[in-house]
Amino acid sequence: MSRDLTVKELLEEHGRTYAEEAGIRLKNTPAPLYQLLTLCLLFSAPIKADIAVAAARELFAAGMRTPQAMAESAWQTRVDALGRAHYRRYDESMATALGAGAQRLADRYRGDLRRLREEAGGDPERIRELLQQFPRIGAVGADIFSREAQGMWPELRPAFDARARDAAVELGLPKTPAGLARLVADDDLPRLAAALVRSGLGN
């Protein structure tokens with residue numbers, strides 16, 4: 001199978017970003033960026049992807065779509081939303097981290113992740129470092145943010161983490177981020193990255 005056909009089928013079968021699945025209309029404005037950060041935080045626990053996505057949807061449905069709303073929400077309200085998504089074992093600690101992360105975003109960046117981007121000065125590694133200053137956001141969460149946000153923040157391109165690259169190798173595609181980036185238009189980079197991860201996870 002040619003690379004073009006492989007990529008076409010990959011995007012058709014798996015090319016839905018995790019932000020899209022979580023109901024986030026991703027654009028470079030404060031609320032969607034915060035929602036993406038929330039999703040990345042939920043992914044930072046060792047839990048299945050579909051449960052993390054479901055947890056994000058429950059939190060957003062309960063009105064916790066901005067850092068202010070999250071910070072002002074009751075801890076038990078967060079726990080209950082996570083419970084409805086079957087986000088077990090980590091629900092209480094995650095509820096605490098969600099509140100603390102929202103407060104940090106409000107205090108440090110006045111609720112706007114674009115200020116984090118400005119502070120990083122166009123350096124993608126610095127963006128990842130600053131993201132990891134939020135509670136419970138580690139390298140995995142920062143990588144997910146970079147994958148999903150690269151369509152809006154060009155300095156993050158090309159963002160293909162180890163899971164995406166490993167899946168690419170299995171499919172006979174280039175193993176480097178630069179090589180993978182040449183396969184699609186810039187706007188499709190988040191979809192290709194997500195598709196590779198989903199392919200590697202078998203969903």
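- Using a 4.5 Å heavy-atom threshold, the side chains of Pro174 and Arg182 count as separate.
- Atom OH of Tyr90 is separated from atom CG of Leu42 by 13.0 Å, given to the nearest 0.5 angstrom.
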Go through it in stages, so that I can follow the logic: the residues are Met70 and Gln103, the test is side-chain contact (heavy atoms from CB on, under 4.5 Å), and I'd like the CA-CA distance, side-chain angles, deciding distance and then a yes or no. CA-CA 8 Å; Met70 185 69 77; Gln103 193 61 56; over 6 Å; no
Assess whether salt bridge (charged side-chain N to carboxylate O under 4.0 Å, His left out) is satisfied between Arg198 and Glu13, documenting all intermediate values. CA-CA 9 Å; Arg198 290 180 186 277; Glu13 292 179 23; over 6 Å; no
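- Of all non-hydrogen atoms in Tyr18 and Ala49, the two that sit nearest each other are CE2-CB, 4.0 Å.
- Taking the charged nitrogens against the carboxylate oxygens, Lys48 and Asp50 have no contact shorter than 4.0 Å, which rules out a salt bridge.
- Here the side chain of Glu72 pairs no donor or acceptor atom with the backbone of Ala69 at under 3.5 angstrom.
- The list of side chain to side chain donor-acceptor pair (under 3.5 Å) pairs with a residue in residues 58-67, not counting sequence neighbours, reads Glu58-Arg84.
- When every heavy atom of Leu171 is checked against every heavy atom of Thr6, the shortest pair comes out as O-CG2, 4.2 Å.
- Hydrophobic clustering (side-chain heavy atoms under 4.5 Å, transitive across Ile, Leu, Val, Met, Phe, Trp, Tyr) groups Ile24 together with Ile51.
- Cluster membership for Phe43 and Met64, using ILVMFWY side-chain heavy atoms within less than 4.5 angstrom, is shared.
- Other residues, nucleotides and ligands contribute over 12 non-hydrogen atoms within 6.0 Å of the CZ atom of Arg88.
- Annotation for Leu82 and Ala95: closest pair CD1-N, 3.9 Å, computed over non-hydrogen atoms.
- Between Glu21 and Arg57 no salt bridge is recorded (no basic side-chain N to carboxylate O distance below 4.0 Å).
- Taking the charged nitrogens against the carboxylate oxygens, Glu129 and Arg126 do have a contact shorter than 4.0 Å, which makes a salt bridge.
- Atoms OH and OH, from Tyr34 and Tyr109 in turn, are 15.0 Å apart once rounded to the nearest 0.5 Å.
- When every heavy atom of Asp143 is checked against every heavy atom of Arg128, the shortest pair comes out as OD1-NE, 3.8 Å.
- In this structure, Pro30 and Leu33 have side chains that are not in contact, with every pair of non-hydrogen atoms separated by 4.5 Å or more.
- A salt bridge links Glu155 to Arg117: one of the charged nitrogens lies within less than 4.0 Å of a carboxylate oxygen.
- Cluster membership check: Leu130 shares its hydrophobic cluster with Leu39, using side-chain heavy-atom separations under 4.5 Å among Ile, Leu, Val, Met, Phe, Trp and Tyr.
- Between Arg165 and Lys175 the shortest side-chain heavy-atom distance does not fall below 4.5 Å.
- Across every non-hydrogen atom of Ser44 and Gly141, the tightest pair is OG-CA, 3.7 Å.
- Rounded to the nearest 0.5 Å, atoms CG (Leu116) and CD (Gln133) are 8.0 Å apart.
- With Thr77 contributing its side chain and Ser73 its backbone, the two residues share no donor-acceptor pair below 3.5 Å.
- Of the possible donor and acceptor atoms, none in the side chain of Gln132 sits under 3.5 Å from a partner among the backbone N and O of Ile137.
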Leu173/Leu196 under side-chain contact (heavy atoms from CB on, under 4.5 Å): CA gap, chis, key distance, verdict: CA-CA 10 Å; Leu173 297 175; Leu196 287 166; 4.1 Å; yes
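- Without hydrogens or angle criteria, Asp188 side chain to Arg191 main chain gives no donor-acceptor distance under 3.5 Å.
- A side-chain donor-acceptor contact under 3.5 Å links Arg136 and Ser93.
- Rounding to the nearest 0.5 angstrom, the gap separating the CZ atom in Phe145 from the CG atom in Leu41 is 12.5 Å.
- For the atom pair Asp112 CG and Arg110 CZ, the distance stands at 8.5 Å (nearest 0.5 Å).
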What verdict does the side-chain contact (heavy atoms from CB on, under 4.5 Å) test give for Phe160 and Val197, after you've listed the backbone C-alpha separation in whole Å, the side-chain angles of each residue and the deciding distance to 0.1 Å? CA-CA 9 Å; Phe160 293 91; Val197 172; over 6 Å; no
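- The two residues Ala85 and Ala54 come nearest to each other via the heavy atoms CB-C, 3.6 Å.
- By the 4.5 Å heavy-atom criterion applied to side chains, Asp161 and Val140 are not counted as neighbours.
- Arg25 contributes no side-chain N or O that, together with a main-chain N or O of Pro32, makes up a donor-acceptor pair within less than 3.5 Å.
- The shortest side-chain heavy-atom distance between Leu192 and Leu10 falls under the 4.5 Å cut-off.
- Contact check on Glu12 versus Lys8 returns a salt bridge, with a Lys/Arg side-chain nitrogen under 4.0 Å from an Asp/Glu carboxylate oxygen.
- A distance of 8.0 Å separates OG of Ser146 from CD of Glu125, quoted to the nearest 0.5 Å.
- The cluster map of Ile, Leu, Val, Met, Phe, Trp and Tyr, joined by side-chain heavy atoms under 4.5 Å apart, puts Leu113 and Leu156 in the same cluster.
- Between the side chain of Ser199 and the main chain of Ala195, no donor-acceptor pair closer than 3.5 Å is present.
- Contact of the Met94 side chain with the Arg78 side chain is not registered, since no non-hydrogen atoms from C-beta on lie closer than 4.5 Å.
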Run Arg163 and Asp166 through salt bridge (charged side-chain N to carboxylate O under 4.0 Å, His left out) and show every step you take. CA-CA 5 Å; Arg163 285 181 294 180; Asp166 288 346; over 6 Å; no
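- The shortest distance between side-chain heavy atoms of Glu20 and Leu26 does not fall below 4.5 Å.
- A donor-acceptor pair under 3.5 Å is absent between the side-chain atoms of Arg89 and the main chain of Ile47, judged by distance alone.
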